[in-house]
Q: 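Got a structure for you, written out below as structure tokens; questions coming shortly.
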Amino acid sequence: MNAVGAMQSDGTRAGFSNTGTGIQFAAPGVNVQTLDRSGADGYTSGDTTSFSGTSAACPAAAGTALLILGIFPDLSPASLEFLMRTGARDLGASGYDTSFGWGLPRAYSTINLFAPANDKCSAAKVISTNAYTDNMNTARAFTNAYYEPRPSCVSSSSNSVFYSFSPPSYGTMSANTTGSSYDTVLSVFTGCGTKLFLFGQPNAIYLTPTMLACNDDSGGTLQSSITGLGLSPRSSIIIEASKFGTISSGGTLNLSFNFTPTSPPNDAWPNAITIGSGGGTITGTNILATPDGGTGNCGGSDNAGDVWYAFTPQCTGTLAVRTQNHTYDTVLAVFSSGANNNPQTRLVCNDDCNPPQRDSCVTLDVTAGTRYLIRVSGFAGATGLFDLVVTPPGAPSNDLCENAIAVVDAGVYQFANGCATATADLSVSSCGSAVDAGRDVWYTFTAPGDGNLTADTFGSNFDTVLVAYDGCPIAGQAAIACSDDAQGVQSRITIPVVSGQQYLLRAGGYVGSGGGAGAAGDGVLNVDFVPALPPACSLADIVSIGGSPPPDGLLTGDDFNACIGAFAQNDLLADIVSIGGTPPGDGLITGDDFNAFIAAFAAGCP
């Protein structure tokens, strides 16, 4: 006989529950819900009621015992009590105490004491060899928990046990349950799945793993077989062996497993694995790979088994490639790609870039749209697993207005906008047919004085758009100036600038009414600043005002002769006071105009 104490819903002891050395277990005993008698004979008008007391706690503990006996009917009372103690949830002081006894009895935890060690996916038995067999009894294995994978090739399954395998190389696996004593189901998954806890949700969401293969009955028998399933290195799998149907019984399971290594699919350069333009980390191996001769010896790897990858950058810049997490001494090389996509010229090669880790690292300048071949091999014929990390050219440093590059007068600045991003909400207007400057880069110019700033993209090899702002713009801000096609598809703007004021130049690719990311290529930004002439100089530099040659900011005899000639011909060019002087031009050529010219000529130019 076992005494059972009562506990409240928060796990604390009920105040009416006695304590002492006779207490063996504790169970819910406060406001316990139960069915009620119908009608006037019941305690309430409904079908349920609640009550409190050890009279509620004792049936809860007895019900737990019956659940355990339902699975293991041959248990003696002493064995049943021992298992209930072992599987109980400890309450109060650690171990036995006089308030809660051994704790709260739990049927599931107690039953699991008999389950196989690999009854749960999270405790899968590890297969560490390419050939493996296992013989076990699954009668006490249980139906999958909610957070475990289930084979979808059958309507129901039970008595599942789990195995895990990590392929040491590329290869194919086979598994069967031939000789088992019951109707089996065999399935392979990419993992155990994931529990996802969402804020505010009491229960986790289960994200199921991908099922790679599943078989119920093979060869006219009730046993299962999976053959020829291709596996990649470091792609751990879960093998689940189940009993068909929902009736839990199980029996003797015979599992046979075999993994056959194969050469990598990219062993030869014609089969190079293409890496996306975004780069990333790719797991590979050169185990069972054969060498491609004539690639040029580097790190003693010319005759080593190698594997190949192909990469085409989206934009011009610096490409970085390295090996890491490898099980052997790697060697890394990058080649240009020939007319037949063959390795042509070795551009760079490295054995060890950070001894003693022995990673291999290379960097090189690459051109947008050009295909490159990457070779991974081993020092002196070494083989193993590796991770290949490819970092493509990134966005230009001046991709954002906040990071604009400062430019100066008479400067020529080259750029590539293939990886540049478009600045949002800065569409342009009154700029030819362009509606925006996509894939833009930014430059900043601080005026050294009053004058005119001229910028153009002449020499670029794509359709450009050039825009000027008086500072980093905000969404919807109008531009000072914009140019689409000033010369062919190149752009040119000229704006007046004020000394000390900062101006932003935005060079991008043409975006028409159809939208898109914008034209891209190799660009050139030419910058030229022309200072404003002082008033006296501009007055006296006669040949520069309406005449020929263009403004030169120099006062010479040509200017004096031009003024005398204008007076002699009654040309309004001699109406000096109308050009920056006082009083304003009156359309008459008088002695006031001549005196103004003489004064300006005497003042000179800087």
Side-chain angles (χ1 to χ4, degrees), residues 128-131 165-174 227-237 258-276 279-312 319 321-353 357-362 364 370-390:
S128 57
T129 58
N130 289 350
F165 177 71
S166 296
S169 65
Y170 286 99
T172 59
M173 65 146 283
S174 60
T227 60
L229 178 61
L231 301 179
S232 301
R234 289 181 175 161
S235 58
S236 296
I237 60 168
N258 187 73
F259 175 75
T260 303
T262 60
S263 60
N266 56 336
D267 179 23
W269 60 259
N271 301 321
I273 293 176
T274 299
I275 300 171
T281 301
I282 305 97
T283 294
T285 178
N286 69 335
I287 296 175
L288 298 183
T290 56
D292 288 291
T295 54
N297 197 28
C298 173
S301 67
D302 198 30
N303 294 315
D306 50 28
V307 289
W308 296 84
Y309 300 87
F311 179 74
T312 303
L319 171 68
V321 187
R322 71 178 298 138
T323 59
Q324 63 183 27
N325 299 329
H326 40 79
T327 61
Y328 73 108
D329 188 353
T330 61
V331 177
L332 182 63
V334 178
F335 294 79
S336 61
S337 184
N340 297 319
N341 291 330
N342 59 297
Q344 190 175 44
T345 302
R346 192 182 75 198
L347 304 174
V348 65
C349 181
N350 178 257
D351 177 14
D352 298 330
C353 63
Q357 287 79 13
R358 299 192 181 281
D359 294 349
S360 304
C361 318
V362 297
L364 69 156
T370 300
R371 185 175 187 265
Y372 298 87
L373 284 170
I374 302 170
R375 176 184 184 247
V376 183
S377 56
F379 176 78
T383 62
L385 303 178
F386 61 84
D387 285 342
L388 182 69
V389 182
V390 177

Q: With heavy-atom distances below 4.5 Å as the criterion, would you say the side chains of Pro233 and Tyr170 are in contact?
A: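 Answer yes - side chains close enough.
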Q: Identify the heavy atoms of Asn340 and Trp269 that sit nearest to each other, and give their distance.
A: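 Reported closest heavy-atom pair: O-CZ3, 3.6 Å.
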Q: With Asn266 as reference, evaluate Ile282, Thr274, Ile273 under the side chain to side chain contact (heavy atoms under 4.5 Å, CB included) test and give the passing residue.
A: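 Only one option passes, and that is Ile273.
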Q: Given side chains that start at C-beta, do those of Val390 and Leu319 come closer than 4.5 Å, heavy atoms only?
A: yes
Q: Check for a donor-acceptor pair, side chain of Ser336 on one end and backbone N or O of Thr345 on the other, with a separation under 3.5 Å.
A: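 Yes.
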Q: Could you tell me whether a side-chain N or O of Arg371 sits under 3.5 Å from a main-chain N or O of Asn341, the two making a donor and an acceptor?
A: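 Such a contact is found between Arg371 side chain and Asn341 backbone.
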Q: If you take all heavy atoms of Leu373 and Pro343, which pair is closest and at what distance?
A: CD1-N, 3.3 Å
Q: Just verifying a value: how many Å separate Gln357 CD and Gln324 CD, rounded to the nearest 0.5 Å?
A: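 So the gap between those two atoms works out to 11.5 Å.
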Q: Would you say that Pro261 contacts Asn130 through its side chain, given a criterion of any heavy-atom pair below 4.5 Å between the two side chains?
A: yes
Q: Identify the heavy atoms of Ile374 and Phe311 that sit nearest to each other, and give their distance.
A: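 In this case the closest contact between Ile374 and Phe311 is CD1-CB, 4.4 Å.
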Q: Parallel, tilted or perpendicular: which fits the ring planes of Phe386 and Tyr309, with parallel below 30° and perpendicular above 60°?
A: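 Ring orientation of Phe386 relative to Tyr309: perpendicular.
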Q: Rounded to the nearest 0.5 Å, what separation is found between the CD1 atom of Ile287 and the OG1 atom of Thr383?
A: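 Ile287 CD1 to Thr383 OG1: 5.5 Å, rounded to 0.5 Å.
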Q: Rounded to the nearest 0.5 Å, how far does SG of Cys349 lie from CG of Leu364?
A: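 It is 12.0 Å, given to the nearest 0.5 Å.
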Q: Give me the one residue out of Thr330, Asp329, Asn350 that meets side chain to side chain donor-acceptor pair (under 3.5 Å) with Thr323.
A: Thr330
Q: How close do Pro167 and Ser232 get, counting heavy atoms only, and between which atoms?
A: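 Where Pro167 meets Ser232 most closely, the heavy atoms are CG-O, 3.4 Å.
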Q: Is any side-chain heavy atom of Trp308 less than 4.5 Å from a side-chain heavy atom of Pro270?
A: no
Q: Hey, is the main chain of Val376 close enough, under 3.5 Å, to the side chain of Asn286 for a donor-acceptor pair?
A: no
Q: About how many Å separate CG of Asn325 and CG of Leu388, when rounded to the nearest 0.5 Å?
A: 11.5 Å
Q: Would you confirm whether Asp306, through its side chain, and Pro291, through its main-chain N or O, come within 3.5 Å as a donor-acceptor pair?
A: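 Side chain of Asp306 to backbone of Pro291, a donor-acceptor pair under 3.5 Å: no, none is there.
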Q: Is there a donor-acceptor pair closer than 3.5 Å between any side-chain N or O of Ser360 and the backbone N or O of Asp351?
A: yes
Q: Taking the side chain as C-beta and beyond, is there a heavy-atom pair between Asp352 and Phe379 under 4.5 Å?
A: no
Q: State, without any angle test, whether Asn258 and Ser174 hold a side-chain donor-acceptor pair at a distance under 3.5 Å.
A: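 Per modelled atom types, Asn258 and Ser174 side chains form no pair under 3.5 Å.
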Q: Kindly give the heavy-atom pair with the smallest separation between Phe259 and Ser169, and that separation in Å.
A: CZ-O, 3.4 Å
Q: Is it true that Asp387 and Arg234 make a salt bridge, defined as a side-chain N closer than 4.0 Å to a carboxylate O?
A: yes
Q: Are any non-hydrogen side-chain atoms of Thr327 and Thr285 less than 4.5 angstrom apart?
A: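 No, too far: nothing below the 4.5 Å cut-off.
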Q: Using side-chain heavy atoms (C-beta onward) and a distance below 4.5 Å, is Arg322 in contact with Cys353?
A: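 Contact flag for Arg322/Cys353 side chains = yes.
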Q: Taking C-beta and beyond as the side chain, do Ser235 and Thr283 meet within less than 4.5 Å on heavy atoms?
A: no
